[in-house]
Participant: 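The structure that follows is given in the form of structure tokens.
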Amino acid sequence: MRQLFLWALALSLAAYASATPPSTDNVYRPVQKPMGPEYQNPPGRVTGDTVADPFSVGTLPFTATGNTCDFANDYDYACPYTDSTAPDVVYELVPTADMAITVDLCASTYDTKVYVYDSGMNILACNDDYCDVQSLVRNVPVTTGHTYYIVIDGYGGSCGNYNMVITEHIPCELTCSPGAMIEGEPVCYDGYYDTYNSGCNATPFPAFQSFHVGPWLDITICGTTGVFPFDTVMYRDTDWFELDCCTFISVSGDAEVPCYFSIIDGRGGCDEPPIVAYAVAGPCAPVSDMWYVPDDGPWWVCVCPSVWDYSLACGSLYNLRIQAQGCGSPAESTTWGRVKGLFR
Ligand SMILES: [Ca+2]
Ligand SMILES: [Ca+2]
Ligand SMILES: [Ca+2]
Ligand SMILES: [Ca+2]
């Protein structure tokens, strides 16, 4: 019966392991994508082409769909890729209240870019790839009665169907779970160098926060993370927790910014260790159903921001609960209630 349960768990893990696992690097390594054919402007002008004749954004939340291919190329901003020739569409927003906004193009079906300009065409926010190759900017402050331009563009010469949702940005604010262990790492900052718990990203030596599982381990870690610049390079605070030996690992929790919660096979050391399970937690979107059935350790649980974007500010809080069964605990002592309790 227990074997059956293990097989069921192992099969259910296939869903976690089948997608391309995320990187656990702490430094951003942009890859230049192929640019594709240069886009040629169509003849004539249509509404939405430029800031002189934009579409209007109505009451928030506001959704708009369309296709950028019939518009002209008028705008480009490097974030970080340059030389876009893609056609672009312009929306005008005049807020009726001071707020921050999120512009979400994640449901679009081509390689999008998005920019937010003020009325003087000063750039306020820019993003290329937030959710796969689609774009999102969050927490962009806007002021009542002022005019803002939201430009939907494409990477390289890409155009296609866009789906834009503009919402008021409601910040996700968490507090440490009762009884949580405080991570203890300093809050990251510009130029921060993590020797505290950056795991396989630490040089010259790996740096883990280690836990002895014993028969059972049930611990919640309240930590902070974020994305920050080091010189001109983008870094993120990665937090690695080591478990010495386990026959079950369950990971749950939430974060103020989107974070990968990953279970990593540490048995082969830091040379490209396999990620065996992962999920995105936050913002205010808990993960509760991630587990793995491992063997002799060590196993690592890693928390890192899932998006390379400075809006994921240092000091963003997470609660990570790790429940594990140790290698030494005999199967006979495992009750169903206890095992199932691990995966709630
Ligand atoms: Ca363009
Ligand atoms: Ca993109
Ligand atoms: Ca941290
Ligand atoms: Ca860290």
Side-chain angles (χ1 to χ4, degrees), residues 24-27 30-36 38-42 48-51 68-69 71-90 103-115 117 123 126-137 149-160 162 164 182-189 192-202 206-209 221-228 230 235-242 259-260 300-305 307-309 314-318 320:
T24 52
D25 269 358
N26 65 339
V27 57
V31 178
Q32 186 68 43
K33 301 182 285 185
M35 292 295 284
E38 189 160 313
Y39 176 81
Q40 299 297 325
N41 278 352
D49 234 355
T50 71
V51 297
T68 60
C69 298
F71 294 82
N73 170 39
D74 298 286
Y75 304 96
D76 187 28
Y77 194 85
C79 54
Y81 306 110
T82 55
D83 301 328
S84 169
T85 60
D88 32 61
V89 181
V90 183
V103 182
D104 183 343
L105 289 172
C106 290
S108 305
T109 55
Y110 73 102
D111 190 343
T112 59
K113 288 171 76 172
V114 66
Y115 325 127
Y117 291 100
I123 191 88
C126 172
N127 179 257
D128 188 333
D129 300 339
Y130 188 99
C131 26
D132 194 15
V133 295
Q134 283 79 34
S135 319
L136 184 149
V137 289
Y149 298 110
I150 296 158
V151 178
I152 302 170
D153 204 352
Y155 170 78
S158 315
C159 65
Y162 63 87
M164 174 176 68
I182 304 300
E183 178 204 9
E185 181 180 19
V187 170
C188 57
Y189 50 85
Y192 176 63
Y193 186 72
D194 179 3
T195 57
Y196 188 80
N197 60 4
S198 57
C200 290
N201 296 316
F208 298 96
Q209 280 180 279
I221 300 152
C222 181
T224 60
T225 189
V227 177
F228 58 94
F230 190 108
Y235 274 75
R236 62 183 172 182
D237 176 18
T238 60
D239 300 340
W240 297 62
F241 307 100
E242 183 172 80
C259 286
Y260 286 124
W300 297 324
V301 176
C302 181
V303 175
C304 63
V307 180
W308 291 100
D309 194 282
C314 283
S316 296
L317 192 140
Y318 64 83
L320 169 76

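Numbers here simply count residues along the sequence, with the first being 1. Both counts, for ligands and for their atoms, begin at 1 and track the order of listing.
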Participant: Return the name of the atom in D129, of element N, O or S, nearest to the Ca ion (ligand 2).
Facilitator: OD1
Participant: Once you round to the nearest 0.5 Å, how far does OH of Y115 lie from CG of D88?
Facilitator: 7.0 Å
Participant: Taking 3.0 Å as the cut-off, does an N/O/S atom of Y196 lie below it from the Ca ion (ligand 4)?
Facilitator: no
Participant: So which heavy atom on D49 is nearest to which on V90, and how close?
Facilitator: O-CG2, 3.7 Å
Participant: Report yes or no: does A86 have an N/O/S atom closer than 3.0 Å to the Ca ion (ligand 1)?
Facilitator: yes
Participant: Any N/O/S atom, side chain or main chain, of Y155 closer to the Ca ion (ligand 2) than 3.0 Å?
Facilitator: no
Participant: Begin from the C-alpha positions of T112 and S135 and carry the test side-chain hydrogen bond (donor to acceptor under 3.5 Å, both in side chains) through to its verdict.
Facilitator: CA-CA 6 Å; T112 59; S135 319; 2.7 Å; yes
Participant: Is the distance from the Ca ion (ligand 1) to some N, O or S atom of N73 under 3.0 Å?
Facilitator: yes
Participant: Write down the atom of V89, the atom of T68, and the distance for their closest heavy-atom approach.
Facilitator: CG2-CG2, 3.7 Å
Participant: Looking at R236 and D25, would you say the former's side chain and the latter's main chain have a donor-acceptor pair under 3.5 Å?
Facilitator: yes
Participant: For the rings on F241 and W300, is their centre-to-centre separation under 6.0 Å?
Facilitator: no
Participant: Applying the side chain to side chain donor-acceptor pair (under 3.5 Å) test to K113, which of D153, D76, D128 qualifies?
Facilitator: D76
Participant: When you measure from the Ca ion (ligand 4) to each N, O or S atom of D194, which atom gives the shortest distance?
Facilitator: OD2
Participant: Tell me the angle that OE2 of E185 and O of T238 form around the Ca ion (ligand 4), rounded to 10°.
Facilitator: 160°
Participant: Is D76 close enough that one of its N/O/S atoms sits under 3.0 Å from the Ca ion (ligand 1)?
Facilitator: no
Participant: Give the atom name of whichever N/O/S atom in D111 sits closest to the Ca ion (ligand 2).
Facilitator: OD1
Participant: So which atom in N127 and which in C79 form the shortest heavy-atom distance, rounded to 0.1 Å?
Facilitator: N-SG, 3.6 Å
Participant: With under 30° as parallel and over 60° as perpendicular, where do the rings of Y235 and F230 fit, or are they tilted in between?
Facilitator: tilted
Participant: Please give the atom name: the N, O or S atom of D237 nearest to the Ca ion (ligand 4).
Facilitator: OD1
Participant: Nearest 10°: the angle subtended at the Ca ion (ligand 2) by V133 O and T112 O?
Facilitator: 100°
Participant: Do any of the N/O/S atoms of D88, backbone or side chain, fall under 3.0 Å from the Ca ion (ligand 1)?
Facilitator: yes
Participant: Could you pull out the atom name of the N/O/S atom in D128 that is nearest the Ca ion (ligand 2)?
Facilitator: OD1
Participant: With a cut-off of 3.0 Å, does any N, O or S atom of Y75 fall short of it relative to the Ca ion (ligand 1)?
Facilitator: yes
Participant: Are the ring centres of Y81 and Y155 closer than 6.0 Å?
Facilitator: yes
Participant: Which single N/O/S atom of D239 lies at minimum distance from the Ca ion (ligand 4)?
Facilitator: OD1
